[in-house]
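Working notes, structure below.
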There are 2 protein chains.
Amino acid sequence: MHPEKNSALFDNRLLASLPDEDHRQVLMHCESVELALDEVISEPGEQIRHVYFPVDCFFSLVTPPIDHAGLEVRLVGSEGMVGTPLVLGIDVTLLRTVVRGAGPAWRMTAERFPEALGQSPALRITLNRYLFVVTNQVEQMVACTRFHVLEARLARWLLMTRDRAHSDHFHATHEFLALLLGVRRVGVTKAATALQKRNLIHYSRGDIRVLDRPGLQAAACACYGESEAMYERFMG
Amino acid sequence: MHPEKNSALFDNRLLASLPDEDHRQVLMHCESVELALDEVISEPGEQIRHVYFPVDCFFSLVTPPIDHAGLEVRLVGSEGMVGTPLVLGIDVTLLRTVVRGAGPAWRMTAERFPEALGQSPALRITLNRYLFVVTNQVEQMVACTRFHVLEARLARWLLMTRDRAHSDHFHATHEFLALLLGVRRVGVTKAATALQKRNLIHYSRGDIRVLDRPGLQAAACACYGESEAMYERFMG
DNA sequence: GCCCGTATGTGCGATGGCGTACAGACCAGG
DNA sequence: CCTGGTCTGTACGCCATCGCACATACGGGC
């Protein structure tokens, strides 16, 4: 665990935005769990058994491989939830969900979740809004992935991960990043080297550190800011 | 209008799947409208005034331009609806919606829509499922746009449009296709020429005709089949 | 029947990413 | 302290697409 991290400072933002009464009621349905790095929460086509409200951990949601390997389409941290299909009453997921940052989360069983939704209109409204935002972020990502060069996409990913890790310091090898971004490992090495040479980041054997956040944001595509702004506009 | 087309044969699939009673009730809230080619239904950020259930017309939903021009992320015909954010209780859209195939649709005002949703649980369930499918199709599209070459993507687009136009014959210039697919016009010309040389399609000055559907499907990426299969699995 | 605008075809150098191969660098465990 | 595995750096030819420029082709309107 990184010393600069203090989980007690965080809560899940979706739950925190609820009125106290609803907040308490929802948490009564939840249990507190500690998630381990690289733990697989779901495989494509599987039934959803729990929804997760990350407190100080985060997840990577990856498309199933069809022709090629998968591709990361969402990064979910304490600003979101895992198990969104259940908000629509659907109990399967078509994405692979992996823990990318270890830490605590609230967890609710899929059986209890509809009950919680029924009890708290505020929860319903919040999660509906969240679904809207996420959907639009993914739509945006289609364009981002199409138009933006790897270096900018990598910078964006680093910023998004930094935010969700609540730390400038986190873990990901070039090999792994290549899988998430849908490019060759060598491509990541080149892009990462470029960012490092500009003193925006430092890395070594999977150990990544963001040195210059504003600089990194300048190197990233506008999608980063757009995406955050969209969240704040509808959820903030 | 194309002679091979007969609108009376079609209905909106989402509405058609409802129990008779619900179907009738929903239609009572609707008015029948005839949409014209290139009519703009919404611009990014605008308030939604109507939802549309296409009967024999179809729409193109395009992301807002950020760095680059937009990019088509959805094609909606009689298998779907326009105005999906309202299903989540949100009355703005962040996409540009344009009529790509003229024809009839059912239309309901944004004010009446929540009422209709409340009256018919079957409608609610159907539209929730539809949202789930669409979301996953867009996620898939991130990967498709990333990995597949233009010729395959073009073939896929032609097949999807053919299905939604209910005809092998429809209209789109290379210039326009380039905008939707996020590539140069010249790229579309090259890809389309290749498909034409293989006798899969014929085109001339924006007039496109699919000659060999199975052949075109073989030329398209697997995403086409996957996408259709996903719809059938959850909506069929 | 000519003309002009729209649509399509072609050419050329540049570039970002691909696939593969191999070399160095670092760390943990025997 | 050596060794083997993991991670990172570099090299080379190839390909899809880019950006730009220009050439042809078709067809409706005067």
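By convention in this document, chain letters (A, B, ...) are assigned in the order of the sequence lines, proteins followed by strands, and residues within each chain are numbered from 1.
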Contacts of B/Tyr224 that satisfy ring pair (Phe, Tyr, Trp, His ring centres under 6.0 Å) - sequence neighbours left out
none
Under 4.0 Å, heavy atom to any atom of DNA chain D: which of residues 139-157 of chain B qualify?
B/Val149, B/Leu150
Are there more than 12 heavy atoms of other residues, nucleotides or ligands under 6.0 Å from atom CZ of A/Arg129?
no
Under a 4.0 Å threshold between the charged nitrogen and the carboxylate oxygen, would B/Arg185 count as salt-bridged to B/Glu175?
no
A/Phe58 meets the ring pair (Phe, Tyr, Trp, His ring centres under 6.0 Å) criterion, sequence neighbours left out, with none
Taking any heavy-atom pair under 4.0 Å as a contact, classify B/Gly187: base, sugar-phosphate, or nothing.
nothing
For residues 75-82 of chain B, please give each side-chain donor-acceptor pair under 3.5 Å, one per line with the distance, not counting sequence neighbours.
unit_1, atom_1, unit_2, atom_2, d
B/Ser78, OG, B/His166, NE2, 3.3
B/Glu79, OE1, B/Gly77, N, 3.0
B/Glu79, OE2, B/Gly77, N, 3.2
B/Glu79, OE2, B/Arg164, NE, 3.4

Whether the A/His148 and B/Asp67 side chains hold a donor-acceptor pair (N or O, under 3.5 Å, no angle test) is what I'd like checked.
yes
At under 4.0 Å between heavy atoms, what does A/Lys190 touch on the DNA or RNA strands: base, sugar-phosphate, or nothing?
nothing
How close or far is atom P of D/dT8 from atom CD of A/Glu175, stated in whole angstroms?
9 Å
Could you give the NZ-to-P distance, from A/Lys197 to D/dT10, as a whole number of Å?
6 Å
Under a 4.0 Å heavy-atom criterion, the protein footprint on nucleotides 21-30 of chain C, written with B, S and -, is B---BBS---
Ignoring hydrogens and angles, answer whether the base of D/dG19 and the side-chain atoms of B/Arg184 contain a donor-acceptor pair closer than 3.5 Å.
yes
Check the orientation of A/His68 and B/Phe147. Use parallel for under 30°, tilted for 30 to 60°, and perpendicular for over 60°.
parallel
Once side-chain hydrogen bond (donor to acceptor under 3.5 Å, both in side chains) is applied, do any residues pair with A/His50, and if so which ones, sequence neighbours excluded?
none
